[in-house]
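Structure first, then comments.
Just the heavy atoms: all of them, side chains too, but no hydrogens, waters or symmetry mates, feed the values below. Just so you know, residue 1 is the first one in the sequence shown, and it goes up from there.
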Amino acid sequence: MSDRNRFPLLIGSIVVLLVMASSLFWTRIPAEGYATLKETGGDSFQFGYITKKSQIPDLHEWMSGQQGKAIFALPDQLYTPDPAKPLPYVYPIYDRTRSEEQFYQLYGYLPPQPTLDLGRTVYTVDYGNARFLFLRSDRQEKEQAAWVHAQAVTNPKPHRIALLDVPPSPVLWQALREARVELVIAGENVYGLEDAVMQEPSDFSPKDREGYGVWNPGDSIDQPYMLMLSYQNDDMAVKATTVDGEALDQMELSAGVLAAASSKETVAVGIQQLWRYHRGDASIKAIIPEGFDVTGENPITAPFHLPADDWRSPDYSDAAWKMGRAPFGHTNRLQEEKRLQTRFKPDSASPSYYFRHTFFLSEAPKEWKDLIVKLSYEDGLILYFNGEEVFRDGIRTGLILPSSLAITNQGTWYREVSLRNHIDKLRIGSNTLAVQVHRSHPGSPNLLFDMSLSYIK
């Protein structure tokens, strides 16, 4: 080959290599082999609460380094702001350590409430999709109760959090409960509105106050800690952490579940219920009814009777199955693993698990206007009411065996689905839910299941 022909070939090769290299640069190479939990959308927000037990030596210096990471609240006695270096993302709780006049002077950036004769000692802060109510326990409790009601009426935020130096009076408790304030922090005590609590911390005392359970992290944590609230859309986690951010214990709440509880929606099967469960194997029997197209191209529409040895049948005996509390599963994501109540070990021999739950209805479903399920699952799921399939997602149509694989899918927590077209499949008396959950690969590290069922009359 002559030199005249060799140089264009060399230049062309270099151009091709540069194009290939640039495509690698602009392509997002997957960082891990399995799908991560689906984001719920919207921004996520962080809120910190410094307790007396946090024991941060130079609090002002430490919080100066937290700018842009979160906003913080703390009892007034723990903090004296530096007038030369104000930190307007730090919000104090009035605890009578100083006079009201001193408080006003130190925290001039706090919004006054013209409807109350309490100056800046009672105020609100809107941060993300939460409204924080800073209250006091020593004065004008009736006026504050009316103000709390007004905040609930005008509040467009899904989350409501109240902060005081000590637990509120009965009058204020009633106002907070009626306003559906889901979280109350009073000193070292953390109160969760029980209708909203999805996951209880390790030392949670239900019904400490009417409608509220209480958690005092300091009773079980023998080291300095602070509280960190993270919330996104309807979900909120309250974590007791070290100052360095290591999680020690947590409580989870849902404003969505709370909204359902406060509406005309009646919960028939709640989340975190006890279910019978069994690993997918050859002992799981499911008949193929006459006329059923195993390819799923022509689904059967005529009703058929399931024999008692079919695992989906209401008459099936699941006494030999294990029993556990939802959510079930296994995961390689530490944050999600803490939400699981019953943990499975990954099983490469089977990609599926089967679940059954029996519940009772005392009224006729035919009077209902809507039927709602909230489903947590990864990767694929099929749901049956009294033996009849009513919902399928993340898994192909047609015949499904215990060895069948789901479609690769991102996990979802409490996806809401209306099944009003299947109300007729429930009845007065005993009803059976049957669910099969399949992973997308026998080696997948993630499996998840929980659900609730409610109705609107």
Side-chain angles (χ1 to χ4, degrees), residues 43-114 116-140 144 147 151 157 159 161-166 168 183-190 217-218 221 223-231 238-248:
D43 295 327
S44 180
F45 298 90
Q46 297 280 335
F47 174 88
Y49 175 74
I50 309 297
T51 76
K52 294 180 181 179
K53 296 185 179 181
S54 298
Q55 299 178 19
I56 302 174
D58 191 333
L59 190 55
H60 192 281
E61 181 180 356
W62 181 84
M63 287 199 292
S64 296
Q66 305 302 309
Q67 185 170 5
K69 299 178 182 179
I71 68 171
F72 293 87
L74 75 176
D76 181 34
Q77 63 182 276
L78 298 183
Y79 180 66
T80 298
D82 183 348
K85 300 177 181 179
L87 301 178
Y89 52 89
V90 177
Y91 295 95
I93 300 167
Y94 186 73
D95 58 11
R96 299 176 300 284
T97 299
R98 306 177 227 266
S99 69
E100 293 180 9
E101 290 73 17
Q102 291 173 324
F103 190 86
Y104 303 158
Q105 292 173 0
L106 287 171
Y107 304 103
Y109 55 83
L110 298 179
Q113 293 298 327
L116 290 172
D117 184 24
L118 295 171
R120 291 185 173 89
T121 61
V122 173
Y123 59 98
T124 65
V125 172
D126 286 346
Y127 181 55
N129 53 357
R131 173 164 289 182
F132 295 86
L133 309 177
F134 289 78
L135 306 172
R136 55 188 291 180
S137 56
D138 63 322
R139 283 184 56 197
Q140 297 188 19
Q144 286 189 82
W147 179 77
Q151 294 302 313
K157 311 291 185 179
H159 298 294
I161 299 114
L163 301 102
L164 308 91
D165 62 319
V166 296
L183 189 71
V184 179
I185 300 176
E188 301 292 329
N189 293 322
V190 182
I221 297 175
Q223 59 181 300
Y225 75 92
M226 59 182 291
L227 294 177
M228 286 300 299
L229 282 63
S230 58
Y231 49 95
V238 185
K239 297 182 180 180
T241 74
T242 64
V243 176
D244 295 328
E246 179 187 355
L248 304 172

Distance in Å, [X] [atom1] paired with [Y] [atom2], rounded so as to fall on 0.5 Å steps:
| X | Y | atom1 | atom2 | result |
| --- | --- | --- | --- | --- |
| Arg96 | Arg139 | CZ | CZ | 11.0 Å |
| Ser99 | Gln105 | OG | CD | 7.5 Å |
| Met226 | Lys53 | CE | NZ | 15.5 Å |
| Thr121 | Ile93 | OG1 | CD1 | 12.5 Å |
| Asp82 | Met63 | CG | CE | 11.5 Å |
| Tyr94 | Asp76 | OH | CG | 8.0 Å |

May I ask you to test the Ile185-Val238 pair for a side-chain heavy-atom distance under 4.5 Å?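 No; the side chains remain at least 4.5 Å from each other.
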So Leu59 and Ser54, do their side chains get closer than 4.5 Å, heavy atoms only? no
Aromatic ring centroids of Phe132 and Tyr91 under 6.0 Å?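 Centroid separation for Phe132 and Tyr91: 6.0 Å or greater.
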Before giving the answer on side-chain contact (heavy atoms from CB on, under 4.5 Å), spell out for Asp165 and Gln77 the whole-Å C-alpha distance, their side-chain angles and the decisive distance to 0.1 Å. CA-CA 10 Å; Asp165 62 319; Gln77 63 182 276; over 6 Å; no
Apply side-chain contact (heavy atoms from CB on, under 4.5 Å) to the pair Gln46 and Lys69, showing each step before the final yes or no. CA-CA 7 Å; Gln46 297 280 335; Lys69 299 178 182 179; over 6 Å; no
Hey, mind stepping through Val90 and His60 against side-chain contact (heavy atoms from CB on, under 4.5 Å) and telling me if it holds? CA-CA 10 Å; Val90 177; His60 192 281; over 6 Å; no
Can you give me the closest heavy-atom contact between [X] and [Y], atom names plus distance?
| X | Y | value |
| --- | --- | --- |
| Arg120 | Tyr123 | O-CD2, 3.1 Å |
| Leu163 | Ala73 | CD2-CB, 4.0 Å |
| Leu248 | Thr241 | CD1-C, 4.1 Å |
| Pro168 | Leu164 | CB-CD2, 3.9 Å |
| Leu106 | Pro81 | O-CG, 3.8 Å |
| Tyr225 | Ala240 | CD1-CB, 4.2 Å |

Does the plane of the ring in Tyr107 sit parallel, tilted or perpendicular to the ring in Phe103? Use 30° and 60° as the thresholds. tilted
For Phe45 and Tyr231, take the angle between the two ring planes, folded into 0 to 90°, and tell me which bin it lands in: parallel under 30, tilted 30 to 60, perpendicular over 60.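 Aromatic pair Phe45/Tyr231 classed parallel.
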Hydrogens and angles aside, do Asp95 and Thr97 bring a side-chain donor and acceptor to less than 3.5 Å of each other?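 A pair is found: one side chain offers a donor N or O, the other an acceptor, under 3.5 Å apart.
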Any donor-acceptor N/O pair, Gln223 side chain to Thr242 backbone, under 3.5 Å: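 A pair under 3.5 Å: no.
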Show, in sequence, the C-alpha distance, side-chain angles and deciding distance for Thr80 and Arg98, and conclude whether the side-chain contact (heavy atoms from CB on, under 4.5 Å) test is met. CA-CA 10 Å; Thr80 298; Arg98 306 177 227 266; 3.4 Å; yes
Member of Tyr79, Trp62, Phe47 meeting the ring pair (Phe, Tyr, Trp, His ring centres under 6.0 Å) criterion with Phe72: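 By the ring pair (Phe, Tyr, Trp, His ring centres under 6.0 Å) criterion, Phe72 pairs with just one of Tyr79, Trp62, Phe47: Trp62.
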Counting only heavy atoms from other residues, nucleotides and ligands, does the tally under 6.0 Å from CD of Gln140 exceed 12?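 Above 12, so yes.
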